[in-house]
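Here is the naming used below: chain letters follow the sequence lines, and residue numbers restart at 1 for every chain.
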Amino acid sequence: MTNLIENIKVTISNLIVQALSKAMEKGELPEFQIPDVFIEIPREKGHGDFSTNIAMQLTKLLRMPPQKIADSVINNINTEGTYIKRVEKAGPGFINFYLDNQWLYEGLKIIKNEDRDYGRINIGKGQKVMVEFVSANPTGPLHMGNARGGALGDCIAGVLEAAGYDVTREFYINDAGNQIEKFGASLEARYIQLLKGENAVEFPEDGYHGEDIIEHARAYIALYGDSLLNEDSQTRRKKLAEYAVQKNISDIKKVLEDYGIVYDVWFSEKSLYESGELEQTLKYLKDNGYTEEKEGALWFRSPDTEDEKEAVLVRNNGIPTYFASDIAYHRNKFQKRGFDWVINLWGADHHGHVARMKAAVKALGIDPDRLDIVLFQLVRLYRNGEIVRMSKRTGKAISLADLLEEVGRDAARFFFNMKASGSHLDFDLDLAVKQTNENPVFYVQYAHARICSIIRLLESEGVKVPEVNETDLTLLKEQEELDLIKKLVEYPEEIKISAQTLEPSRLTRYVIDVASSFHSFYNACRVKGAEEDLMKARLLLVDCTRIVIRNVLNLLKISAPERM
RNA sequence: GUGCCUGUAGCUCAGCUGGAUAGAGCAACGGACUUCUAAUCCGUAGGUCAGGGGUUCGAAUCCCUUCAGGCACGCCA
C-alpha cells in the first residue's frame, strides 16, 4: 500500500514550498501565494531523478527570470534527512533532483514485503463504484465491439480495485422493450416457416435475419415440438423470445467467462418494469417538470435549457423507450444501490447519447460528474494485411467466441488493452498468434518465464530467494540494475494514473517496459555465477521483477506462465 | 448541414491540465549465444508532430481555420 514515488514527490514538493517561503522571508522573492508544485520524473536520465518547472511557472507571477527564481529555491532548500543528494538548475529554469540510490533499495524492500499486494493503493478509500460494460442485447452473439468493451471494462474495474475502490462489475441485460419484441416476432416467423413451410408466413421487414434465429427456432421445436402453433401469437412470441433470450444469455455468460470476465451482477431491464421503478422514475420526472407532452408522446425536457436535443420517453403507443428505462436504471444505481461513482462503457457509436444521459442524471438530482461514460472506438480486424469482416468458416460476423478460439484469451485481452480507448484499434490476427518478438504478449510472458527459470535453477542448486534483511542491496549499482529497479518502483504510480484516467492501456505499455528493462538487465548482468552476495542481491531483484510482472498480468487477467 | 473522435518515423501507437535535443515497439540495416531460456540483447538509420494562421519567454500539446478518415444526428438500442 506504499506509493514510494508519490511520497517522494510530496516530500520534494513540500521542500520547495518551504524554500520559497524562506526566500520570501529573506526578501529574495516578493510575497506571493505559492501554487501547487508539480514534480515529475524527467524522461531524460541526464535530467535527474525528479524535476520541477516551478521556477518557469512563477516567472510571470513574480516578474523575474526563471533562472533567478531557481537559484533562490536551490539556495534555500534544506534536503537534510531525505534521499536527495544533489539539486541543480538546468536548461531554461528546471530544478533537477538527484537522489541517493538508497531510495531504490527501499523500493525493492517494499515490493518484496507487499508481494501480491504490491501496487495496490488507496486513492479510492473504499468508495463504491460500478463499472457497467458489454451489456449487449441478448438477441445474438457477442461481436468485436463487445470484445473490446469487455477487455476495457474488466481492466478498468481491475485497476480501480487496485486503487482502493469497492468495485462492482455489472452487465445490463436489455431483456425488455422494442428489440425483444422484434426478436420474438422474428423467432415466431422462423418457427412457423420451419413447421409449415417457407411461404406460410412473411418474415418481418425489420426482423433479425441471422442464421442463429433459425437455429433457436429449430432447437425449440426439437425440445417442445409444434405446441406453440395452437397458442395465440402474443404468447408464442413471448415463449420463443424467453427461450432464446435465456439461451443467448447463457452463451454470453460462458464466452465472457472464457474471456476471463466474471460479473458481480446481471441486471435485468425487465426488472425495472416489474418493480415499478420505471413508472416511479417517469412520475418523478413529470412531477418535477422535466417532461413535456407532445404529439401524443412524452418527451424529456432537460434541466439545461440550452440547445439540448429532445428525446422521447414514452412513445405515442404507450411503450416506454430505452432511454426511459435507462434513466430508471441509473436512478437505481445511484439512489437505490448507493453507488458513489458509476462508469459506463459505450461504443463510440453511442456518443450522441452521453449528453442526454448526463442531463437525465442531473434531472434526477444527482451530480452528473458522478457518472463517467467511457467511449471506445470500434475495432477493425486484419488478416494478411486485409480487413476481415466475416468468418471464413461460418460466413457470419466474427464473434468473440471465434476470436478466442483463434488467438486465445491472453492475446485478445492484451491487444485490446494496448491502445487508449479513444483511438481506433486495428487488431492484427496474424500478429496475435505469432510466437516471435513481434508479438508483445509473448515478449512479456517470456520475461516472466525466464525469471521463473532462473529462480528454479538456483533453487535446484540450493540457493533460495533471500530475505530482504539478509541481502546487501547496495551491491546493485550497474546501470541496467538501477534502470530496472526504477521501473519496478513506478508501479503504484502507474496504477494511480491509470485509475484517474480510466486508461488501463497504460499498464499494458508499462509491463512491456518492465519486461524490456528486465531483458536488458538479463543480458548485461549474470545472476548465477556472480559473487555470492551480489548473486543474492540480483536474485532478489529478479524476484521483485517477477512479482511486478505477475501482478500486472494478474490484474489484466492475462496468464503469467512459469515455463515457455 | 450540425456535433463528436482521430490525424505524430515505412507500419502500429505513446506523449496532449504548454516546458529541456519529439519517444517506444515492429519492420530495415550492422553486430552479440562454450556460461542463468537468442521467444533475448546491443548499435545504426528513420520525423515539415496532416496544412495554414494565432496566443506565449516557450506549442505535438491551447485557440481559429482548411484538408483527410471514422462515427452520430429515429416515437432503434
Side-chain angles (χ1 to χ4, degrees), chain A residues 38 40 42-44 46-47 51 53 55-57 59-60 65-66 90-94 96 135-137 139 174 177-180 182 206 269 294-299 307 309-323 325-326 346-355 375-378 380 382 385 415 418-428 431 434-447 449-458 461 480 505-506 509 512-513 515-516 518-530 535 538-539 542 563-564:
Chain A
F38 292 106
E40 57 167 20
R43 221 190 348 248
E44 290 286 324
H47 297 151
S51 164
N53 64 355
M56 287 178 287
Q57 287 189 340
T59 306
K60 209 168 284 174
F94 288 96
N96 296 338
S135 298
N137 281 341
T139 51
N174 303 127
N178 213 29
Q179 83 284 357
I180 293 293
K182 270 197 243 171
D206 55 351
E269 178 184 3
K294 207 168 64 184
E295 296 156 22
L298 186 70
W299 297 70
D307 51 0
K309 278 254 169 72
E310 293 181 310
V312 170
L313 293 167
V314 182
R315 303 180 180 91
N316 60 13
N317 63 7
I319 299 174
T321 61
Y322 170 86
F323 182 43
S325 47
D326 225 12
W346 290 357
D349 52 336
H350 289 71
H351 71 77
H353 303 271
V354 173
L375 297 173
F376 54 92
Q377 296 294 325
L378 302 179
R380 277 188 308 195
Y382 279 81
F415 275 59
M418 266 200 305
K419 281 154 204 183
S421 54
S423 32
H424 297 266
L425 191 147
D426 295 330
F427 194 115
D428 185 337
L431 179 60
K434 260 190 203 165
Q435 308 211 349
T436 69
N437 55 356
E438 290 169 64
N439 187 345
V441 188
F442 283 90
Y443 184 81
V444 172
Q445 291 182 322
Y446 180 62
R450 213 177 202 187
I451 290 169
C452 292
S453 168
I454 296 171
I455 295 172
R456 225 172 17 241
L457 185 79
L458 286 175
E461 295 178 2
E480 287 82 1
S505 61
R506 203 186 161 91
R509 279 180 249 113
I512 294 174
D513 276 355
S516 171
F518 169 74
H519 286 309
S520 296
F521 156 81
Y522 179 89
N523 277 276
C525 307
R526 294 200 47 91
V527 182
K528 188 188 166 193
M535 175 182 73
R538 284 181 175 165
L539 185 53
V542 164
R563 294 170 198 269
M564 282 175 81

Protein-nucleic acid N or O pairs under 3.5 Å, nucleotides 19-22 of chain B:
unit_1	atom_1	unit_2	atom_2	d
B/G19	N7	A/Asn53	ND2	3.3
B/G19	O6	A/Met56	O	3.4
B/A20	N6	A/Ser51	OG	2.7
B/A20	N6	A/Asn96	OD1	3.0
B/A20	N1	A/Asn96	OD1	3.2
B/A20	N1	A/Asn96	ND2	2.9

Holding to side-chain hydrogen bond (donor to acceptor under 3.5 Å, both in side chains), I want the full list of residues that pass it with [X], two or more places apart in sequence or in another chain.
X	answer
A/Arg380	A/Asp426
A/Ser505	A/Glu503, A/Arg509
A/Asp513	A/Lys487
A/Thr321	none

Identify whether any heavy atom of [X] sits under 4.0 Å from a base atom; if not, whether one sits that close to sugar-phosphate; answer base, sugar-phosphate or nothing.
X	value
A/Asn316	base
A/Cys452	nothing
A/Gly529	nothing

Please identify each residue that fulfils ring-ring contact (aromatic ring centres under 6.0 Å, His included) with A/Phe415, with sequence neighbours left out.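 Checked A/Phe415 against ring-ring contact (aromatic ring centres under 6.0 Å, His included); matches are A/Phe427.
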So, using salt bridge (Lys or Arg N to Asp or Glu O under 4.0 Å) as the criterion, who are the partners of [X] when residues are at least two apart?
X	result
A/Glu40	none
A/Glu461	A/Lys528
A/Arg506	A/Glu494
A/Arg450	none

Going 5' to 3' through nucleotides 41-46 of chain B and flagging B where a protein heavy-atom sits under 4.0 Å of the base, S where only the sugar-phosphate is that close, and - otherwise, we get SS----
Base-pairing string, 5' to 3', of RNA chain B - Watson-Crick or wobble, under 3.5 Å, | interstrand: (((((((..((((.....[...)))).(((((.......))))).....(((((..]....))))))))))))....
